[in-house]
Every structure is written in C-alpha cells, then in structure tokens.
Amino acid sequence: MNLQDRINEIKEILNKASYEYYVLDQPTIEDYEYDQLMSELIKIENEHPELKTSDSPTNKIGGEVLSKFEKVEHSSKMMSLSDAFNYEELKEFDVRVRKEAPTATYCCELKIDGLSVALRYENGGLVLGATRGNGIIGENITSNVKTIKSIPLKLSNSLSIEVRGEIFMPKKSFHALNEERALNEEELFANCRNAAAGSIRQLDSKIAAKRNLDAFLYYLLDDTSKTQVESLENMKKLGFKVNPYFKACSTMDDVCAYIEEIASIRETLPYDIDGIVIKVNEKDLYTKIGETVKYPKWAIAYKFPPEEVKTKLIDITYQVGRSGVITPVANFKPVFVQGSLISKATLHNEDYILAKDIHINDIVLIRKAGDVIPEVVRPVLEERKEIVPFKMIDKCPCCQTPLIRKAGEADYFCLNPNCTEKIVNRLIHFASKPAYNIDSLGDKLVLQLYEAGYLKSIADIFELYQHYDALITLPGLGEKSIKHLLEAIEVSKKNNLNLLLFGLGIKHCGAKISTLICKTFKTMEAIKKAEFETIAEINDIGEAIAYEIVAYMNQPEHQELLNKLQELGLNMTYESLEVHENYFTNKKCVLTGTLDSMGRTEAKKLIEQFGGSLTESVSAKTDILILGTNPGSKFDKAKKLGIYIMEEPEFLEKIKE
C-alpha cells in the first residue's frame, strides 16, 4: 500500500468513527485506537505536507492562527424569528397562518441557546463557516468551525450546498472550561451561550478546538424536500447532526402539548435551550404565507418563561456605594439559573426586604430579571423552618459610622467622607467608561493603587506620574502598562466638562443631568457660582437635584478638589457638539446588543451630534431600536410595541447621510 492509499484509509476510518461517535452517539472503535490512527496521520502529514488536504481529520485539532476575522456576505439573508411568550400568542400566530394556509401543519424543533452559523460546501467539501452577524454580513470562522467534531469536513457525495444551524457548548464542556479558568484565575463565562460565542471567535483555532463545541443543523438552502420534517431527515442522511427532538404537529394544541413535554425534560438535556421553534411544515406554503423585512411569517419562536430556581438564603451582607448608600445583598447557596451560576442578588433596600418578607435561612426563588439580572422573587413560605429575622444594620459595614435614613427616602447612607469603600467606589466611578473614561484604569487597578497608598482622591489620579519608579515595581504591573496608563490619564484631561461633572459622583447627578447642567452654564466656574433657583428652573432637573449640586459646590473640600483639578490641566469648559440635521434629529433611540463597527459611547455621541438622544429603556415614546448582535430583552419589548427596528448596516448608512 502506498502512502496516499494509507492516508485515504486512515481518513475513512477516522471520519466514520467521528460520525458514529459525535453524530450518532454510537462509538464503534476504542479511544486508544482512534488516537493511534490520528497520531499516524499527523506524522505522515508533517513529513509530507503536500499530501495534507482541507478535509483531513487533523484539521479538527486546530492550528491556524488569524490576525482578524474577514467579513463575508451571506448568499441569502439569515433572518431571525419573531417571538411568542405564551400560548395565547401562539394561537394568534396560528390564526394568521391559517388565514393564508388553512391546511397547514407544523414542525417543532428545540431552540438551541447558541449562535447561528452558515456552512457552505462545494463539491462535497467544507469551504466556509460564517456567523450570522447582522443577517447580511457575517464573519468568516471557517478555521474554528473545522475543529467542531460533529461538523463534517467532507460529505458522502459531491454536493454544492449551504446549511444553517446553531453552534453551542454542551453543559459538560462549559463546566470543565470554567473549572479550568477558575484554576488559572481567569474570569468565568456566565453561561453556555457566552462561552460558545467567546470560543468560536478565537483567532487561534487550537483554543477553539480545546473548547469542545458542538452543532445542530436545521436548515438546508435550495432544498427540494416537501416538508421541514423531510428536510431534517435528508440532512441526517447527508451526515449532518440534527437535533433528535423535532416533531410534526397537526394543530396548535399539539404544539402546546409538545412544549409541555419538552419543558418537563429541559433541565435533563445536555445542552441549553431557551424555547421551541415552530415552523409551518409544508414548504410550498412559505411563499403564500410570506415574510416581513425581518421575519418569516411561517415560523415563530416560543420563549420559555423566566426560569425560577429554589435555593437557600445563607446571609444578607451590605455594600457601600460611592455616595455612601448602603445596599443589602442576598447571599445564597450557588445555583444555576438559565445557564449561569448565581450566588448573589441585590435586595435594594430595607423596605424591599420587608415587603417581600425575606429572612436569612429562607428557601427563596431566584430568577434573572430580563434574562440578565439575578433577583430574589420571593421566599417559599411553605418551606420556611428556622429563620433569622431580618434587621437592617445601623452602622456602616466598612467604617462603623452610624447610618442615616432621611425622611421620605428608602436608602440608608454612610456620611463619613473618609469611609474606605466610599472612596474606592468613587474613584472607580470617576475612571469608568461612562464617566471620565480613563483607559486601563479599571476596578482592580484602582483598588491596588489605593491599597498601595498612591490613590486617595480624584486629584491623585493626575499626579500618578510622580510615582512612576515605584509604580512599575507593583505586582502585575510594569514599565509598559504604567506608561500606557499615564498616557491615557494625560489624554483624558481633554474630556468635555460634562464627563468631569458626572465623574464627581454628585448625588442624583447622572450622565444626562450633567450634560444639561454643562449645556446651561458652559464652565465649571459658572456651575460653582450657580444659584439654587437658577438650577432648579432647568427642564428635567428640579429642586432635589439642584439642592445636591449647590450643596456639593459649597463644600470647602470639593472647592479645593476642583481648583486642584484645574491646576492639573483638566478641561473646565463645555464644548457643545455641533448638531447637524439628520434622520436622527429629535428621535429617541435605544441600543440593544453589540455593534461591530463602534462602541456604545461612540454611537451615543453620533446620535446626539445629529440632534437625537440615546436612552437606556424601551417605551412607547421610543422612535428607533438600534439592533446589534446578541440583543437582550429590549428587542422583544420593541417588537411588542411596534417600534422601528434598525440593524447596524442601516444605522451606518443613516449616519453617513
């Protein structure tokens, strides 16, 4: 047997073994035998690189390193699905479908919580793997897709086709990855979806290979199958891994029964799902039923309601904010909620805890508000046994100063100006991205510099250069990182005045209020001299905010700080952005997800430059939702309210106009 014949023989055995193990879950050879054959193939290819082909099983172990991901245009738009959150909305969908297609039936599939992928094959070989991106333009992730063992590099026949599906990280791989990251003192992934997204976008394909990703395929382009069920069966025959839980349903009642069945086994599945996809089964009805600009009208995604998980409340601890506000925090036995391990949740204030009747040792229900923020729903009263009654603390947990709760306010405050936690959190806030935005001066570094004695006040940030020789010797730092930090601090001095005012951390004086104040008074000197009545008359400000600003400016230590910052060269003048008439003028916008082309701060500046505004929450007054990748619950709310949804390419075009 010559060398080429031996390569072909090994490839055939390994490809067959991978298909049986990773797709059929029916291994036929021992791991040892598989590893021996793989080692032999690697050795041959290293000695004779001209014999290595793109469909070699050795590509599954990675090796290609990219400098960046190239953008690729999809052959046809990768559309998203509209959502249903209850059975009533599913029945409304059914009515709309049957209006156009009275005889339609449905195919139900699990909604895998991962990220969409398009796979293109030419003459049976995999030539492209691409992310969904904005549906029109995605990223070329072929080198990483090749490392996913369930995705075939070569089909059983020489077809030129495109299939689409979902890349995900199995729960087992997720837990193993986080255990490894914990040992290396790296930040843990929040859930399987985030871990999958982070892994598939690694520039080094060897890292992606180690993450043990998987994929289910569910859509075949230019398919001649008569039904979606038949299409899934055909994909299986071609060697693609298809989720086994798909089911044909004649009526919407059958669909609802299927949802209940899956919900009962959801937690036992080896991967995360966040709902059920319901498609009209008969493909010849798709054209008649139609589609909108964004969604096919013949399919919908049913989203499971927020998952509520029981756990034990072990303790209530307290955090001290930059303004001195004391926030109770629930510490409970760690529990997985929607794919991430949760052990803490804010309890807001004393009134919140009393209203919910929460006590230490209670069994409580935990969920993620908006699928993101952990919250305590309620105690499970029927399981209450030996509890420790809640009693709000009366002294600061950091400095032991007696706490103050003013009449008409829900929060307790530590008024000690020298409270360590207040000082550190004030410094962290000042340097943060939404405030003065000092690059590389993150939370951990602020704390390290505070503990080392170099950072006690905001002014100290701008005098760190005096300690250069000492700073480069601190653990984890060095000459390069300190130079970068000092350069970033120097650049920040040119920041507009509204960022400085927000960074000072004046009570009630957020980013929007700071901008309004600066637009009115133009200079810090004018703000310092502004009278209470003048500030209170500004639209959207009022007496409570005016009081806090005047009180701050009248305190000698704050006057001293502002004078010092001026001496250090910080900009003390507000430069108004020149407003150009544009599509966004006078429009209220909300951004959800991540834009590929720019950060949130840059997008906000552009919108404001054109006379629009970018707010945090979706309401009936919102004009536009700007849609980035991995959108959150704002997307769902905007769809419900009928708000115009603008994807990133259109946003960039409108900005250019």
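Throughout, numbering of the chain's residues begins at 1 and tracks the sequence.
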Just say parallel, tilted or perpendicular for the rings of Phe502 and His429, cut-offs at 30° and 60°. perpendicular
Output for pair (Asp636 CG, Asp83 CG), nearest 0.5 Å, gives 5.0 Å
Expected output: side-chain Asp113 to main-chain Cys192 donor-acceptor under 3.5 Å: no
Lys356 side chain to Val377 main-chain N or O, any donor-acceptor pair under 3.5 Å? yes
Do the ring centers of Tyr583 and Phe651 come within less than 6.0 Å of each other? no
So, are Lys564 and Glu463 salt-bridged, with charged N and O less than 4.0 Å apart? yes
Please say which of Ile360, Ile353, Ile358 ends up in a side-chain contact (heavy atoms from CB on, under 4.5 Å) with Phe390. Ile353
Side chain of Thr131, backbone of Glu139: donor and acceptor closer than 3.5 Å? yes
Under the salt bridge (Lys or Arg N to Asp or Glu O under 4.0 Å) rule, what do Asp411 and Lys507 come out as? Steps first, then yes or no, please. CA-CA 13 Å; Asp411 293 319; Lys507 188 178 178 183; over 6 Å; no
Between Tyr644 and Glu650, does any side-chain donor sit less than 3.5 Å from a side-chain acceptor? yes
For residues 478-485, run the donor-acceptor check on the side chains, cut-off 3.5 Å, and write out each pair with its distance to 0.1 Å, sequence neighbours left out.
{"unit_1": "Ser481", "atom_1": "OG", "unit_2": "Gly478", "atom_2": "N", "d": "3.2"}
{"unit_1": "Ser481", "atom_1": "OG", "unit_2": "Gly478", "atom_2": "O", "d": "3.2"}
{"unit_1": "His484", "atom_1": "NE2", "unit_2": "Asp439", "atom_2": "OD2", "d": "3.0"}

So, the side chain of Asn140 versus the backbone of Glu70: is there a donor-acceptor pair under 3.5 Å, distance only? no
Derivation and outcome, side-chain contact (heavy atoms from CB on, under 4.5 Å), residues Ile342 and Phe332: CA-CA 8 Å; Ile342 306 296; Phe332 39 81; 3.5 Å; yes
Is any NZ, NE, NH1 or NH2 atom of the basic residue among Arg405 and Asp351 found under 4.0 Å from an Asp or Glu carboxylate oxygen of the other? yes
Kindly check if the number of other-residue, nucleotide or ligand heavy atoms within 6.0 Å of NZ (Lys333) is above 12? no
Can you find a heavy atom in the side chain of Leu441 that is under 4.5 Å from one in the side chain of Val446? yes
Provide the full list of ring pair (Phe, Tyr, Trp, His ring centres under 6.0 Å) pairs with a residue in residues 527-554, sequence neighbours left out, each pair given once. Tyr552-His558
Donor-acceptor contact below 3.5 Å, side chain Lys634 vs main chain Glu616: yes
So for atom CD, which belongs to Glu543, do other residues, nucleotides or ligands contribute more than 12 heavy atoms lying within a distance under 6.0 Å? no
